[in-house]
Each structure stands twice: as structure tokens, then as C-alpha cells.
There are 2 protein chains.
Amino acid sequence: MTGRRGSGKPTIADVAALAGVSVAAVSKVVNGKGGISAPTRDRVLRAAARLRWTPSAAAVALRGARTRAVGLVVRRPPDLLSADPHFTRLITGVEAELSPAGHGLLLHLVGDDPAAEEAAYRRLADERRVDGFLLTESRVDDTRFALLRELGAHAVLVGTPWRDDPVPSARAGGDREAGVRAAVEHLLDLGHRRVAYVSGPEDRVHTHHRRRAFEEALAARGLAPARTLVSDFTAAGAVDAVRALLGADDRPTAVLLANDTMAVAALSAARRLGVDVPGELSVVGHDDLPLAELVYPTLTTVRQDLVNLGRAAARLLLVALGEADDAPVAVRPPELVVRESTAGVRRAAAAGSR
Amino acid sequence: MTGRRGSGKPTIADVAALAGVSVAAVSKVVNGKGGISAPTRDRVLRAAARLRWTPSAAAVALRGARTRAVGLVVRRPPDLLSADPHFTRLITGVEAELSPAGHGLLLHLVGDDPAAEEAAYRRLADERRVDGFLLTESRVDDTRFALLRELGAHAVLVGTPWRDDPVPSARAGGDREAGVRAAVEHLLDLGHRRVAYVSGPEDRVHTHHRRRAFEEALAARGLAPARTLVSDFTAAGAVDAVRALLGADDRPTAVLLANDTMAVAALSAARRLGVDVPGELSVVGHDDLPLAELVYPTLTTVRQDLVNLGRAAARLLLVALGEADDAPVAVRPPELVVRESTAGVRRAAAAGSR
DNA sequence: CTGAAAGCGCTAACAA
DNA sequence: TTGTTAGCGCTTTCAG
């Protein structure tokens, strides 16, 4: 008999009635506004709990123009996506920040289609479904910034912007290329002199940064890259790259690849060609996905603190929305994890190349 | 000067004004209701396009109690999650169905915490943020069904329910255990007689179905399992299982594992123990993730049509919500993909076991 | 065929 | 400290 029990979900009016106060009082209580006596507060809270009432997200959004949701649009070829747990880790971190803040994550996976990507952003923004966006995979001359500015949407970039792009970005702390540098030094210390690099696609910002770090680290020891190839993050691409590398006259004794998936593919490509890892070829990956410990030999790789990167980005977005304090989340700098896929140069391999 | 340009997003009133009609007319046009003349329709559409207007999701939701969003709550230990691209594929399929229908996907990743899981469902439902839920990983005596019934939320299960659970479910077509059966027959045809099975956690429904299929397929040829172990989907678990298997006196010559991640771990565990795959041990995985083609030897595995499973589930949910026609999405039955990790028994291995 | 008007559930002035 | 009330942007009767 209390209110309209049974007929659908309770509303703020039901709670007010049950507590014997006005709806305004209920609103103030749940929003932590002042000007409510303790006893009233109590009665409201009790009534709300009894009715299991929570403010309707739609009503709140309509009223205040805040949806308490953020959007994440991922543009990737489906196959690549499912091959790479990269995103799952990132999202884990994002969630860890968003959930306690009462914010939802609206996910959109669009294939490898720029038009679909733009449409997704537009729809989410025009329908006012989200308060802001998280952008992943910083791209060279990223067109998303202009789009989001046009749409008037808040945005935070995960990673390093290409130039001084006008959005806040979440990045690793410390020296962001420390991982790649450490990897190169590790290889050189093992005696390698012919080190190759297989990069990711040229339109990704980190491709350039990492490759440059690779080249500089070699240069610092007076060396040049044995070879630098551009791949596409796919396993097939990595296999081709490794074939090219190993088929050459002066083949490298070590190779760095831009992600773990490619590195694992390299491992098996080498094996298939009868090249022993790490006996004849050392292999280094990037990201330190669980996969890296799973394969044989286990993969030496550059660990990225993806979970905290996701957290940091989400936090920045909440701050931009005025929903969180400006307490940045620390993201550990990339760090080399040495496992079995790297070892010293064997005499034979080092000497006789062709 | 037209309407309130520049001052925030356009509303239906702006469109009505620009088109010289009432807001009701605009509403009817965008919702495809009848009773609008073609010329009026045209003017409205043109005005809406010019203003880039899309109905506010919040207002629509408030008005109609339909949010055009579905929830997906995933409860998994973070590590397991990022090791397994399973979900990414499923979500790809879900998106493919939801997106064209104009529905969003609200994703919540909760750790391995039942309380957090329940809280996530409650919040999404109580705040009326979603119209329904997609449930993944069918569990034995799944408590989510009761919860969602209490919450009055629509739900569709991805996979086979434990008993006749009262929610619609999306499943593979044809014989759902055809894959496991084909795997067993493949191994038997290769001459294997001692075949072991490493299952997933006991609380997953498919664990029981697949294990039973395994046992029945063996029984059909008058054989019994060499050994059946329960693991936990993790790589570490798989490594332990393989050690246990290979350390035994009468060790199996072939082993099936409940997912590809475990199978890949098994591959390297075997190698580490000096056991050749497939020379001394054949290994079969489950799911056919991209990973399966990436490793050496490439993995024989049971392919699941996860993308269409996701599509089918999303479609069922849309149908339940009255948002789509009842045209089921076909999900291919599981199918064995033979690659390099399985081969005939070598005399030596078959004979001398200890 | 078209328009006026009543809310959907909530928040924030403003009054009391 | 508390209550009253006017909308937020939209859909939907119900009249015209």
C-alpha cells in the first residue's frame, strides 16, 4: 500500500512518501547537498534502502546533462583485436577507476573502418550518451581530436600525442622509452652487434617513438640497426618479417618486435626455419602479455603498465568532467623483463652468416 | 539566428522551428510513425540533417523507459581475462548486431568477486541504464537468473544453460559436442589409445558437457579416459596438469585441453620436459583463437564460432526487447581444425612408457 | 494530416 | 531546515 509498490520501479516520489518528506529532501540527501537534518537524512536513506531505489540515470542525465558514462571506440580489424589482449588490460584499468565513481563504460568496436569510427563518435555524442571519450592508440595526425572538438566532447588520450595535440593524455611515468633502450642494451651486453627491429604500422605514434629509441640506443654504442622493417601487428606480418630477416646474407643475431603477438609469431617462424631461439637468434617483444610466459622459450619483453595506464586515463577524464580530484594515477615506466628468448651470441652464429 | 544555434546542442524544438512544423511532427517522422505527409516528412528530415540533430538518449529513455543499451557484466580474474581473447571475439559479434540497431553496450569488468558482480547488475538495473543483459559463461546453478528476475531485467544467456533455466540462450547450431567428438575420433584414428583430458573449472556448464562428450566418444570405441584432470583455465594450471600427466607411469599419448590458452601452455610444458609434440604427445585445444596458428607447432583445436554466438545472443536480446524480428542468427557447430600438434603415435612412445 | 499539451523522474531555484 | 515548482527533451494521446 505504500506508494505504488508492485507497479514498476520506485521513483523518488515513492521514497519521499515513505519517508514522509518532500522529493526535494530526498534529492538533496542522495546528492549530499547540505541543509538536511540528521533525522530526516536517516529516514530518507532508510526509505530509499527499503525500496531499493536508485536515481534513474535517464532522469539525472536529462536534468543535468551528465550521463555518468564514458565512451570508448576501438577501431581495429577484428582479427587483430582478438589476437591482442592489450585492450582487455587497458579496460580493466579503466573500469577500476570508473566503477567506484559510478560511471559506466560504453564500448564500441568498429572494424577497420574510419567512417564507422566517426559515425560511432558522432552518435554517442549527438545522442548525448556519454560525458566524454577515451581515445586509444594515438595516431599520427590524429583526426579524432578535431572531430571531438567539433562535437564538443571531452576526451583523454591514452598514450603520447603526436604533436601538442590539444587533449589531455595519460602516459607512463619516468622515461617512456626506457624499456626499448634497456632491451637494446641488454642485447648489446650479450654481445649482439647485428640487431634488427620490426615496427608496428607507421600511423601509430608509438611506432616512431620506439623505433627512434631503438636507433638512438644503438647509436649510443656506435652501432646502426642491422635492419628495420615495418609490419602491421599481425602474426602473418611478423612471419614475413622474420623470413626476410633470416633469409638475408648478413642476418641479424637479435630482433626486437613492436608487440608480443608479433614476437611469438617470430619465435615459431624462426623455429620453422630451423633457427634456434635464443641460440642463433634472440627475440624481444613488447607489452608483456600473459602470453609471453606461456610460450617456449618464454619471451623477453618490454613490460607496459597497461592497467594503470587505463586507470590514469579514466582518472584524467573524470577530472576533466569535474567528477574526481586531480590526483594523478602513477603509471610505471616500461621495463625490460628478461626471460629465455634472449641469450649471448654463439660463436658460430656470430661468425658465419651466409 | 535560426533557433538557438551555438548555444549547446540542438533540440527537437529547433528542428521543428527550422522545418516550420510542430515538435510532434518531428517526433513522428523520426520514429517512423504514420500520419505525416511526404512533403512535411522531407522538410523535417532536411532540418534535422542540417542541425545534425539526433534525439537525446536521456529524454527518450526517460519518456519511454527504453534506454537502447544492453549490459554485459564479466566476472573473471583480471589475468585470466587478458590471457584470453575469447571475450573480445564474443563482443565483436555482439557489437555487430547491436550497433546497426542503434543500441549501445555497457561493459562492466568485475574481478573474481561475486559481490561486485551482483552489485554491478543491481546498479545497472536500478539506475535503469540498460534494457537487458547478456550473460556469459553459463555456470552450474547460476544465481544470476534469480537475481535478474528479481530485478525485472531481460536477459539472454550466451551458451548452454545448466538445467532448464528460464532465460533464452544462444547456442551453436547442430551437434554442440561435435567438435570434441571429432577431436577424439581424430586422435583414435591416428592410433592413440591413452588419451587424457584437462577440463576447465567445475562450475562452468560447458566443462561438464565437453567432458562427457569426451568420455562418450572414447566409450563409443570401447575405451576409457587415460586420465581426467580439472584445471582452472590458467596457464599455470595447465602446466601442472601436463606435468602430472607426463610424470605418470602410464602416460597418455594425447591430451585434450579445455581452451587454447591451456593448450599452448601444455605445448611449452611438454617441450620443457623434453617431450616432443606431436612426436610423443598430441595436443588438442579448444576455441581456435588466433594464437593457435601462431605457435609452434600450430595447434589442432576445436573451433568455436564465437563471433556469431555473440551476434545470436544480441539478436535474441533485441527480439526479447521487441527491437528486432525473430530471425535467429546461425551459429556454426564446433568443428575440429587439424594442425600440427596432433600426429600418429610413434612406436617408441606407444610402447615404452616409463 | 497536424498541433497542443501532459507528463516521464529528477534537480535546483526560490519560498516558506 | 524543508517544501513547492519549473522545466530538462522527448513521445503520445487527443483535438482540431
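Lettering follows sequence order; numbering is per chain, from 1.
Checking dG3(D), dC10(D), dC10(C) against the side-chain heavy atoms of Thr11(A) singles out dC10(C) as nearest. In this structure, the nucleotide among dC10(D), dG9(C), dA4(C) sitting nearest to the side chain of Ala24(B) is dA4(C). In this structure, of dG3(D), dT1(D), dC10(C), it is dG3(D) that holds the atom nearest to the side chain of Ala25(A). Checking dG3(D), dG9(D), dG3(C) against every side-chain atom of Val21(B), the shortest atom distance belongs to dG3(C).
Per the geometry, CD1 belonging to Ile12(B) stands 15 Å off P belonging to dT2(C), to the nearest Å. Between the P atom of dT12(D) and the CD1 atom of Ile36(B) lies a distance of 13 Å, rounded to the nearest Å. What separates NZ of Lys33(B) from C1' of dC10(D) is a distance of 13 Å, to the nearest Å. Put simply, CG on Asp126(B) is 15 Å from C1' on dG9(C), counting in whole angstrom units. For the pair Glu127(B) CD and dG9(C) P, the interatomic distance rounds to 16 Å; values are reported in whole Å. Note: CZ (Arg66(B)) to C1' (dG9(C)) measures 17 Å, nearest angstrom. Rounded to an integer number of Å, the gap from Arg63(B) CZ to dG7(D) P is 19 Å. The distance from atom CZ of Arg68(B) to atom P of dC10(D) is 14 Å, rounded to the nearest whole Å.
Ranked by how close their nearest DNA chain C nucleotide is to the 5' end, Val23(A) and Gly20(B) are led by Gly20(B).
Annotation: the span from Leu316(B) atom CG to Ser169(B) atom OG amounts to 7.5 Å, rounded to 0.5 Å.
With sequence neighbours excluded, the residues forming a ring pair (Phe, Tyr, Trp, His ring centres under 6.0 Å) with Trp162(B) are His208(B), listed by chain and number. A search for salt bridge (Lys or Arg N to Asp or Glu O under 4.0 Å) contacts involving Arg122(A) returns Glu118(A), Glu150(A), not counting sequence neighbours. Residues satisfying the salt bridge (Lys or Arg N to Asp or Glu O under 4.0 Å) criterion with Glu127(A), sequence neighbours excluded, are Arg129(A).
Counting only residues at least two apart or on different chains, the ring pair (Phe, Tyr, Trp, His ring centres under 6.0 Å) pairs with a member in residues 95-149 of chain A are Tyr121(A)-Phe133(A). Residue pairs satisfying the salt bridge (Lys or Arg N to Asp or Glu O under 4.0 Å) criterion with at least one member in residues 154-163 of chain A, sequence neighbours excluded, are absent.
Checking the phosphate oxygens (OP1, OP2) of dT2(C), a side-chain nitrogen or oxygen of Ser37(B) falls inside 4.0 Å. Proximity of Thr40(B) to the phosphate of dT2(C): a side-chain N or O atom is located under 4.0 Å from OP1 or OP2. Regarding contacts with the backbone of dC8(D), every side-chain N or O of Ser56(B) stays at 4.0 angstrom or more from both OP1 and OP2.
The residues Arg76(A) and Asp112(A) are annotated as not salt-bridged, no charged nitrogen and carboxylate oxygen being separated by less than 4.0 angstrom. Taking 4.0 Å as the cut-off between side-chain N and carboxylate O, Arg75(B) and Glu137(B) do not count as a salt-bridged pair.
If you check every strand for non-hydrogen atoms under 4.0 Å, Val26(B) touches nothing. At the heavy-atom level, Ser27(B) lies under 4.0 Å from base atoms of the strands shown.
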Can you tabulate the close N/O pairs, meaning under 3.5 Å, that link protein atoms to atoms of nucleotides 14-16 of chain C?
none

